[in-house]
**Student:** 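Quick one: this structure, given as structure tokens, is what I'll be asking you about.
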Amino acid sequence: GRFQNAQQLYDYVVEMMPWWNPRSLGSEKAWQVTAYILKLRGSLPDGLVLNETNASAVPVHRKVTTPQNTNTAIFIFLGIVQAFFLSFFFFSKQSRKNQFNIYHGLMLICIAACLLEIFLMYTGYINYILHLVDFSETFALLIGPFLYLYVLSLAQGNVSKKALLMHATFPMLYTLALIPFLISPV
């Protein structure tokens, strides 16, 4: 990380903030902003009044802990593995002959991607790969259209490409709008 302790963070805050008028906060306001940032991160111990005497001892980064109940994480992980395994089954050469299998497989991949983000958040591993925060939003938006196209292809046979395009347009446009967020530095 850029800052190892609260003193280094304070030095940056007092020097650079606010961005439109650097060095105008003053010492007291800069300590308040620093304390607020640390509180949001969960790094500031409860009841501690941050100041120049104790700031060097307060770390900016807190240790990431895994949840106490790992059974839930195991079940989430098994659900992800099962969804990917089943989706590959639906994409096999024999299964691809039926269009509804393709939509079913795509829907399972979308669900698995959403579960993967839930797993990363639940276990705290997302702290190690912050650029993946909210990566599954597009997949979540595609679950409904793929479910609809799956049911429609079961009922009517083949679904037209126009119907697919019509139902996948919004999630794809959303993905394009999301790209700047996903590629921005952490």
Side-chain angles (χ1 to χ4, degrees), residues 1-6 8-13 16-19 33-46 58-92 95-96 101-150 164-186:
R2 188 175 194 177
F3 311 107
Q4 298 303 314
N5 58 45
Q8 292 174 356
L9 179 60
Y10 166 80
D11 292 340
Y12 179 81
V13 168
M16 302 302 285
M17 290 184 75
W19 63 268
V33 169
T34 304
Y36 178 73
I37 292 170
L38 293 173
K39 185 174 182 173
L40 287 178
R41 293 185 56 83
S43 301
L44 186 65
D46 289 334
V58 178
V60 171
H61 306 286
R62 60 185 167 91
K63 183 179 179 192
V64 178
T65 58
T66 57
Q68 296 300 322
N69 183 1
T70 56
N71 292 338
T72 305
I74 291 170
F75 285 121
I76 294 170
F77 182 73
L78 290 175
I80 295 166
V81 171
Q82 184 178 16
F84 278 119
F85 177 75
L86 286 172
S87 65
F88 289 125
F89 167 76
F90 287 118
F91 292 139
S92 69
S95 297
R96 273 193 313 245
N101 282 336
I102 295 171
Y103 291 125
H104 197 177
L106 289 170
M107 183 179 66
L108 280 174
I109 286 177
C110 292
I111 291 170
C114 293
L115 280 174
L116 178 60
E117 185 165 2
I118 291 169
F119 174 77
L120 292 172
M121 295 288 193
Y122 183 80
T123 58
Y125 293 137
I126 197 73
N127 289 313
Y128 300 110
I129 44 176
L130 287 174
H131 56 280
L132 290 183
V133 170
D134 292 336
F135 82 93
S136 68
E137 287 185 0
T138 300
F139 295 106
L141 291 175
L142 284 169
I143 293 172
F146 285 145
L147 176 62
Y148 172 74
L149 293 170
Y150 166 70
L164 172 62
L165 183 65
M166 185 174 73
H167 287 87
T169 299
F170 175 72
M172 293 304 132
L173 290 175
Y174 182 77
T175 301
L176 291 175
L178 195 63
I179 287 173
F181 169 75
L182 292 173
I183 64 173
S184 66
V186 178

**Student:** Is there a side chain to side chain contact (heavy atoms under 4.5 Å, CB included) between Met121 and Val133 once you walk through the steps?
**Tutor:** CA-CA 9 Å; Met121 295 288 193; Val133 170; 4.2 Å; yes
**Student:** State the OH-CG distance between Tyr148 and Leu164, to the nearest 0.5 angstrom.
**Tutor:** 12.0 Å
**Student:** Just to verify, what does Phe139 make a ring-ring contact (aromatic ring centres under 6.0 Å, His included) with, not counting sequence neighbours?
**Tutor:** none
**Student:** Please name the residue in the list Phe146, Phe90, Phe91 that meets the side chain to side chain contact (heavy atoms under 4.5 Å, CB included) test with His104.
**Tutor:** Phe90
**Student:** Quick one: which residue pairs count as a side-chain hydrogen bond (donor to acceptor under 3.5 Å, both in side chains) with a foot in residues 108-119, not counting sequence neighbours?
**Tutor:**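 Qualifying pairs: Glu117-Ser136.
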**Student:** Where is the tightest heavy-atom contact between Ala73 and Thr123, given as atom of each residue plus distance?
**Tutor:** CB-CG2, 3.7 Å
**Student:** Residues in side-chain contact (heavy atoms from CB on, under 4.5 Å) with Val81, at least two apart?
**Tutor:** Phe77
**Student:** For residues 165-176, which side-chain donor-acceptor pairs fall under 3.5 Å, sequence neighbours excluded?
**Tutor:**
from   : atom 1 : to     : atom 2 : distance (Å)
His167 : ND1    : Ala163 : O      : 2.8
Thr169 : OG1    : Leu165 : O      : 2.4
Tyr174 : OH     : Glu137 : OE1    : 2.2
Thr175 : OG1    : Thr138 : OG1    : 2.7
Thr175 : OG1    : Pro171 : O      : 2.8

**Student:** With sequence neighbours excluded, tell me which residues meet ring-ring contact (aromatic ring centres under 6.0 Å, His included) with Tyr103.
**Tutor:**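 By the ring-ring contact (aromatic ring centres under 6.0 Å, His included) rule, Tyr103 matches no residue at all.
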**Student:** To the nearest 0.5 Å, tell me how far Ser87 OG sits from Ile109 CD1.
**Tutor:** 4.0 Å
**Student:** Mind checking what makes side-chain contact (heavy atoms from CB on, under 4.5 Å) contact with Tyr36, not counting sequence neighbours?
**Tutor:** Leu40
**Student:** How long is the straight-line distance from CD1 of Ile118 back to CD1 of Ile80, given to the nearest 0.5 Å?
**Tutor:**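 Ile80 CD1 to Ile118 CD1: 8.5 Å, rounded to 0.5 Å.
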**Student:** In chain order, what residues pass the side-chain contact (heavy atoms from CB on, under 4.5 Å) check against Leu132, with sequence neighbours excluded?
**Tutor:**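 Applying side-chain contact (heavy atoms from CB on, under 4.5 Å) to Leu132 gives Leu120, Ile126, Ile129, Phe135.
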**Student:** Name all residues meeting the side chain to side chain donor-acceptor pair (under 3.5 Å) criterion together with Asp11; count only those two or more places apart in sequence or in a different chain, and write none if there are none.
**Tutor:**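 Gln7.
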**Student:** Going by side-chain hydrogen bond (donor to acceptor under 3.5 Å, both in side chains), name the pairs with one or both residues in residues 106-116, residues two or more places apart or in two chains.
**Tutor:** none
**Student:** Could you tell me which non-hydrogen atom of Ile76 sits nearest to which non-hydrogen atom of Leu115, and how far apart they are?
**Tutor:** CG2-O, 3.7 Å
**Student:** Does the side chain of Asn101 reach to within under 4.5 Å of the side chain of Arg96, using non-hydrogen atoms?
**Tutor:** no
**Student:** Hey, what do you get for CG (Asp134) to CZ (Phe181), rounding to the nearest 0.5 Å?
**Tutor:**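 So the gap between those two atoms works out to 5.0 Å.
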**Student:** Got Leu142 and Leu106 here, is their nearest side-chain heavy-atom distance under 4.5 Å?
**Tutor:**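 Answer no - side chains too far apart.
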**Student:** Taking side-chain contact (heavy atoms from CB on, under 4.5 Å) as the test, write out the residues that go with Leu9, two or more places apart.
**Tutor:** Phe3, Val13, Thr34, Ile37, Leu38, Val60
